[in-house]
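Data first, discussion second: the structure below is written as structure tokens.
Values below: every heavy atom of this structure, side chains too, minus hydrogens, waters and symmetry copies. First the proteins, then the strands, lettered A, B, ... as listed; each starts at 1.
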Amino acid sequence: MSQVTITLPDGSSRAVSTGTPVRDIAAGISAGLAKAAFAAIVDGTLVDLSCPLQRDGSVRIVTDRSPEALPLLRHSTAHLMAAAVTNLYPGAQCGIGPATDEGFFYDFIVDRPFVPEDLEAIESKMKELAQQDLPYERQLWPRDEAKAFFTKRGEPLKVQLIEEKTEGQKEVSCYTIKDKETFIDFCVGPHVPSTGKLKAFKLLSASNAYWKGDARNAPMQRIYGTAFLSDKDLKAYLTQIEEAKKRDHRKIGREQKLFMFHQWAPGAAFWLAKGTTLWNTLADYMRGTLFPAGYVEVKTPIVFNKALWETSGHWQHYRQNMFLIQESESEPLALKAMNCPGHFLVFASEGRSYRDLPIRFHEQTPLHRKEASGVLSGLTRVRQLSQDDAHCFVMESQIAEEVERLLRLMQRVYSDFGLKYSVRLSTRPPDFLGAIETWNHAEASLKQALEQANQTYTIDEGDGTFYGPKIDVDVTDAIGRKWQCATFQLDYQMPERFDLKYIGADNAEHRPVVIHRAIFGTFERFIGLLIEHYAGAWPLWLAPVQAIVLPISDRHQEYAGRVRDRLAAAGLRVEVDVRQEKIGYKIREAQLQKVPYMLVTGDREAAEGTVSVRGRSAGDLGARPVDAFIADALDEIRRKEPGARAPQPEAAET
RNA sequence: GCUGGCGUAGCUCAGUCCGGUAGAGCAGCUGAUUUGUAAUCAGCAGGUCGGGGGUUCGAAUCCCUCCGCCAGCUCCA
């Protein structure tokens, strides 16, 4: 009998007979490993434990501690769910059922949508199947036989998948879970050895989806669920979902009276007084950051003639996303969906010298995008939005340095908010415009800039825009969710379209390169992100109300008013709670509003010229002279605490 | 835009299945209380039941339609 030699991660090797399943390797190492084994990686490929070893190579056993385990487990859980569904709803057709970042889903064609009771029933069935510890058995079927089988079983979608995914193959792999009914699914695998490995899962929601995500195809019902390696992890995830609900910016926005929506202006926020204060704080912060970095602020029109959009190409490519104004006597007009064309006109409005470059136009005016009604969502997806937009006009030789400056700017901004982030470089797509050398140079410049700025990044091959490569930044908030915020895009096309030029040192005309860039992204989305990041407990420098004066009784109103005036004169955002309520009541309200400082003023304070300071999270801090409090507060604002520190979710504050 | 769910007082929600002219808590207002670190007591007021149309003697409730919100799909220069 022939033998193969396999190498283990510790460098040791052993010889086994050809065709030995990897399971036996695990068993040969230790009984514990065999028990903990989920799958194996043979020569870099993830395979089932049942996979027979055919040639010499490396073997690593995947256990619950391996990074590969979780997606594998979730994929297997999706199969388990499909088994439960076909068992409970005969005639249900299966689509696809992959693992996702947060769990898994599986799509089905069924007679009616799933309701919550269905999910409970399916979950119970899954638990039952898991308890029986049924093996996931891999079978290789002749391709034609598999097609015939699924055709006969009334699963045309599976037949279609086999045809598309296994063209030219003689055999296809299928997995079975054998209960009273046998569930068979076409799938490359691999899977956990048996359903007993699936111990911590939960179905979360059902919704509509389309076969292959295309609305022209058959409508399907998708069930989402999640699975983890332990109950503890599952519970932690469910707790996090609860926490996310508590932090929902729509809820906190209403509670703190930051913004509102009205059905007569869908997708456009009304900024209430406190929200406007917050907005202005952010807008001024950004101005204060950009001005020293060499930016100038401009304001360009909101409505433009169609001609502008034809020049920019938006009329051809983006018109369906723009609000058009059609008046009988004029050419069509359109509300701007981006600032760039306006900035190009400003750039072109005077002769530009190489000595002037880089030129950086910053603009915060509102933009309008006609988003489909179904995608609107709170502040995160709106029709009226404002960006911390800017366009940098540079010489090609300046790209790397300019992008490096941008990266450093971004690093500073996010650290001021205590936000972590990750950076992606998106490179040339298949349908690019322009010369390939230009692209190569641009991509090299971006990489150079990333390295110079000490910025780690990943590469999204082929995900750039058709007019240039870009850098996208995903911000991670205090509870680990990602939000796409900053974006830096190189653009060689628009300068052509708008015939932008500058006079170089050689006294000849040259084409500048444009960098489209934003750091917040949009104010709307960024504020939504910040609300959820801080859970409404604003650091002092951002808080719409930084301090509230709480007089103990009516006779302290006058003193409270004087305290308020002094704080306001120092530039602090301060209010007084003048209601005839007990101090405990006023404190409770202020706590719920998450006002950073509560200043209790009674007889003692009025007599001594002090305030008794209560911190939102620190509690009673004792009496302090008014001036001392002001000085401390201004210092805290200047240092942007606590946002400048590692974000500490104040979840304990309810 | 598509699929499903939802829309009742400022907010959170009950009432809708089985049609009989709207209910709670909080917020608000008034009065009493003058309060020392997370809810003082009492009273009052507040609603075109998302809009329009229909069925019916009678519609928050049943039907049609439009709008909005939520989840998901698709989209996101």
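Taking atom C1' on both B/rC64 and B/rU56, the two are 16 Å apart, rounded to the nearest angstrom. One C1' atom belongs to B/rC44, the other to B/rA38, and the distance between them is 28 Å to the nearest Å. B/rA60 sits 15 Å from B/rG54 when the P atoms are compared, rounded to a whole Å. B/rU30 and B/rU8: their P atoms are spaced 28 Å apart (whole Å). B/rU48 and B/rG5 have their P atoms separated by 28 Å, given to the nearest Å. Spacing of C1' atoms, B/rG4 relative to B/rC41, comes out at 48 Å, to the nearest Å. Here the separation of B/rU16 from B/rG23, taken at their P atoms, is 15 Å to the nearest Å. Comparing B/rC63 with B/rA24, their C1' atoms are spaced 31 Å from each other, to the whole Å.
B/rU74 atom C1' lies 13 Å from atom CG of A/Asp107, rounded to whole Å. Note: CZ (A/Arg588) to C1' (B/rA38) measures 6 Å, nearest angstrom. One atom, CZ of A/Phe261, and another, P of B/rG68, lie 14 Å apart when rounded to the nearest Å. The interatomic distance linking A/Lys470 (NZ) with B/rA77 (P) rounds to 6 Å, in whole Å. Rounded to whole Å, the distance from NE2 on A/His314 to C1' on B/rC76 is 13 Å. Rounding to whole angstrom units, CD1 of residue A/Ile552 and P of B/rU37 are separated by 8 Å. When rounded to the nearest whole Å, the span between CD1 of A/Ile548 and P of B/rU37 equals 17 Å. Computed from coordinates, the A/Glu371 CD to B/rG68 P distance equals 15 Å when rounded to whole Å.
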Provide a list of protein-nucleic acid N or O atom pairs under 3.5 angstrom, restricted to nucleotides 5-12 of chain B.
residue	atom	partner	partner atom	Å
B/rU12	OP1	A/Arg254	NH2	3.1

N/O contacts under 3.5 Å, protein versus nucleotides 27-30 of chain B?
residue	atom	partner	partner atom	Å
B/rA27	OP1	A/Tyr585	OH	3.2
B/rG28	OP1	A/Arg579	NH1	3.4

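Not one side-chain nitrogen or oxygen of A/Arg383 sits closer than 4.0 Å to the OP1 or OP2 atom of B/rC75. Phosphate contact (OP1/OP2 of B/rG36, side-chain N/O of A/Ser612, threshold under 4.0 Å): absent. In terms of phosphate contacts, A/Arg250 brings a side-chain nitrogen or oxygen within less than 4.0 Å of OP1 or OP2 of B/rC70.
Aromatic ring orientation, A/His249 versus A/Phe259: tilted (interplanar angle from 30° to 60°).
One finds no salt bridge joining A/Glu363 and A/Lys299 here, because no Lys/Arg side-chain nitrogen approaches an Asp/Glu carboxylate oxygen to under 4.0 Å. Ion pairing between a basic and an acidic side chain is recognised when a charged N comes within 4.0 Å of a carboxylate O; A/Arg360 and A/Glu402 show such pairing. Remark: A/Asp460 engages A/Arg424 in a salt bridge, criterion side-chain N to carboxylate O under 4.0 Å. Looking at A/Arg555 and A/Asp603, a side-chain N of the basic residue comes within less than 4.0 Å of a carboxylate O on the acidic one, giving a salt bridge.
Checked against a 6.0 Å centroid threshold, the rings of A/Tyr597 and A/Phe629 count as neighbours. Aromatic ring centroids of A/Phe104 and A/Tyr106 lie 6.0 Å or more apart. Annotation: A/Phe393 is in aromatic contact with A/Phe361 [ring centroid separation under 6.0 Å].
Across all strands shown, B/rG23 forms a Watson-Crick or G-U wobble pair with B/rC13, both key distances being under 3.5 Å. Partner assigned to B/rG7 is B/rC67, using Watson-Crick or G-U wobble distances below 3.5 angstrom. Pair assignment for B/rG28 gives B/rC44, based on Watson-Crick or G-U wobble hydrogen-bonding distances that are each under 3.5 Å. Across all strands shown, B/rC73 forms a Watson-Crick or G-U wobble pair, both distances under 3.5 Å, with B/rG1.
Taking every side-chain heavy atom of A/Ser373 into account, B/rG1 is the closest of B/rG1, B/rG72, B/rG68. For A/Arg604, the side-chain atoms get nearest to B/rG36 when compared with the rest of B/rA77, B/rG36, B/rU34. Distance from the side chain of A/Ser553 is smallest for B/rU35 among the nucleotides B/rU37, B/rU35, B/rA71. Here the side chain of A/Asp620 is nearest to one of B/rG68, B/rU35, B/rU37, namely B/rU37. Listed candidates were B/rC73, B/rA38, B/rU34. Nearest to the side chain of A/Gln591 is B/rA38. Among B/rU34, B/rA77, B/rU37, the nucleotide with an atom closest to any side-chain atom of A/Ile587 is B/rU37. Proximity note for A/Leu376 (side chain, C-beta onward) versus B/rA77, B/rC75, B/rC69: the nearest is B/rC69.
Residue A/Glu310 qualifies as enclosed at atom CD: its count of foreign heavy atoms under 6.0 Å is above 12. Heavy atoms of other residues, nucleotides or ligands lying less than 6.0 angstrom from NZ of A/Lys202 number 12 at most.
A/Asn321 comes within contact range of no nucleotide atom at all, as no heavy-atom separation falls under 4.0 Å. Backbone-only contact: A/Gly584 has heavy atoms under 4.0 Å from sugar-phosphate atoms and none from a base. Nucleic acid contact for A/Gln493: none, since no nucleic acid atom lies under 4.0 Å from a heavy atom of the residue. If you check every strand for non-hydrogen atoms under 4.0 Å, A/His516 touches nothing.
Under the 3.5 Å distance criterion, with hydrogens and angles disregarded, a donor-acceptor pair is assigned to the side chains of A/Thr427 and A/Glu461.
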(request) Test side chain to side chain contact (heavy atoms under 4.5 Å, CB included) on A/Cys392 and A/Tyr295 and set out the steps. (result) CA-CA 9 Å; A/Cys392 307; A/Tyr295 288 71; 3.7 Å; yes
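For B/rC75, its base sits under 3.5 Å from the side chain of A/Arg381 at one donor and acceptor pair at least.
For A/Arg562 and A/Tyr559, the positive end is not near the middle of the six-membered ring at less than 6.0 Å and at most 45° from its axis.
Across the interface with RNA chain B, nearest-nucleotide mapping of A/Gln489 and A/Arg555 shows A/Arg555 to be the residue nearer the 5′ end. Where A/Gly378 and A/Gly313 each meet RNA chain B at their nearest nucleotide, the meeting point lying more 5' is that of A/Gly378.
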